[in-house]
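Below is one structure, written out as structure tokens; comments come after it.
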Amino acid sequence: MERPTPYFEINESKLQRDFDKLTTSLKENWSNYRIGYSFKTNSLPWLVRFYQKQGVSAEVVSQDEYSLARYMEFRDDEIIYNGPYKSRQSFRDVVLAGGIVNMDSQFELDWLTELSKEYPEKTLNVGIRVNFNLEAMCPGETTMGEESGRFGYSYEDGTFAKILEQVRAIPNVRVNGIHLHSSSKSRSVAIFKSIADMACRLKREFQLCLDYVDIGGGYCGGLKGRPEFPDYFPVVAEVLSEEFKPEETTLVVEPGISLLSSATTFTTSIIDVRDIRGSRYLISDGSRFNIDATMIKNSYLYHTELQSGKERKIMENQTITGYTCMECDRLFEMKDLPELFVGDRIVYENVGGYTLSLNPLFIQYFPDVYVNRGEETVKVREKWTPKEYVQNCVWERK
Ligand SMILES: *Cc1c(COP(=O)(O)O)cnc(C)c1O
């Protein structure tokens, strides 16, 4: 029997293949590495455990993500704690346990000062998130463009130099790493070369003695004609070796979407076909909110699974839409293709990142998620029902 749609499906062997590509390339180029899996990209528990079993750390950017990592039994020293929104207690726990904490906000300096007073006998390590003008190094490629990014301490403005000085002035605190994650539109090799260049420049300019250089996430993976893991790390390693040695400095990477994109599909069905003033609309049981909640995509990778035994004429245009009652819930147009009927399926490809974790509970609740393990397929998340939706709510009983 065909599975009811809509559902996400993760292909385990593809997932493993892409993870192996990452580790192989890292081993070959910088044997001293550490992988922090970006929770925000997709924190489906099955997926998190898949990476955790293979020695990956949890890269988290909020108290809730930190709590999830702890709930999934990551130890504090297996946490890479980033972002502007940490909680005091979790900051303390991770610093004290020797996890990676990359400072991003001013209040973290106060927390460090407190910790240093409380634990004068302990060496406390902390990393600093660097804000730098990557756009100047790779024109047209960054997400922030000419405007500055808003994370970390600015190299160009001197706030990086200042925070470095402030942290160094706290007794028994050491700056043991720098964090250079930057988001780019291009995800090109040149972006990561520039990030590595910046790491070298900072080391020279500030005489840094670093346990790790964290180049962050933002890689491509599994897309035809785009870079893959084996393209990035030879270049990164070549640049880093100007100033760093693998024996002394760990290369930290924080991949997300590149690890799981090509392994994940979203299967939907056409539930209604309607013609309105000359336009053909296909209503489907998958919404743009399931795979593009921030409404930024302008194309989708997909294939269709059409029912057999139907006569299909070629349609000039068919607009595929979601089930929600919002007009913007339109996914794409099919031009000069066979007409689709109720029950035909559309399978979206490359939908592993920023979908499950960004799906709103709007009109329909979270859909089923399956993992295809070759000989068997297992359901790793059951579709949400009102029972999950109302959990933690209070209302007057009837
Ligand atoms: C989002 C993010 C990542 C992962 O980015 P991908 O594009 O999914 O690879 C890694 N590190 C940090 C700090 C991030 O904010």
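Just follow the structure's listing: the first ligand is 1, and inside any ligand the first atom is 1. In this chain, residues are counted from 1 in sequence order.
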Return the closest protein heavy atom for [atom] as residue, atom name and distance.
| atom | result |
| --- | --- |
| atom 8 (O) of ligand 1 | Tyr354 OH, 2.6 Å |
| atom 10 (C) of ligand 1 | Glu254 O, 3.1 Å |
| atom 1 (C) of ligand 1 | Lys40 NZ, 1.3 Å |

- Using a heavy-atom cut-off of under 4.0 Å, does the side chain or the backbone of His181 touch ligand 1, or both, or neither? side chain
- Message: With a heavy-atom distance limit of 4.0 Å, tell me whether Thr41 approaches ligand 1 through its side chain, its backbone, both, or neither.
- Response: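 Contact part for Thr41 vs ligand 1: side chain (C-beta onward).
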[X] to ligand 1: N or O pair under 3.5 Å?
| X | answer |
| --- | --- |
| Asn82 | no |
| Ile257 | yes |
| Arg187 | yes |
| Pro255 | no |

Salt bridge [X]-[Y], side-chain N to carboxylate O under 4.0 Å:
| X | Y | answer |
| --- | --- | --- |
| Lys245 | Glu248 | yes |
| Arg312 | Asp344 | yes |
| Glu78 | Arg75 | yes |
| Asp368 | Arg381 | no |

- Task: For the pair Tyr219 and Phe233, evaluate ring pair (Phe, Tyr, Trp, His ring centres under 6.0 Å) and give the outcome as yes or no after the intermediate values.
- Result: CA-CA 11 Å; Tyr219 312 92; Phe233 300 113; 5.6 Å; yes
Can you list the atoms of ligand 1 that are under 4.0 Å from a heavy atom of [X]?
| X | result |
| --- | --- |
| His179 | 13 (C) |
| Ser38 | 3 (C), 4 (C) |
| Gly256 | 6 (P), 8 (O), 9 (O) |

- Tyr37 and Phe39 aromatic ring geometry - parallel, tilted or perpendicular at 30°/60° bounds: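 Tilted, since the angle between the ring planes falls between 30° and 60°.
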- Query: Any chance the rings of Tyr370 and Tyr7 have centres within less than 6.0 Å?
  - Reply: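 So the answer is yes for these two rings.
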- Message: Less than 6.0 angstrom separating the ring centers of Phe332 and Tyr302, yes or no?
- Response: yes
- Task: Give a yes or no on whether Glu238 atom CD has more than 12 heavy-atom contacts from other residues, nucleotides or ligands under 6.0 Å away.
- Result: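 No, CD of Glu238 has 12 or fewer neighbouring heavy atoms, counting only those of other groups under 6.0 Å.
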- Query: Looking at ligand 1, does Gly218 have a heavy atom less than 4.0 Å from it?
  - Reply: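 It does; at least one heavy atom falls under 4.0 Å.
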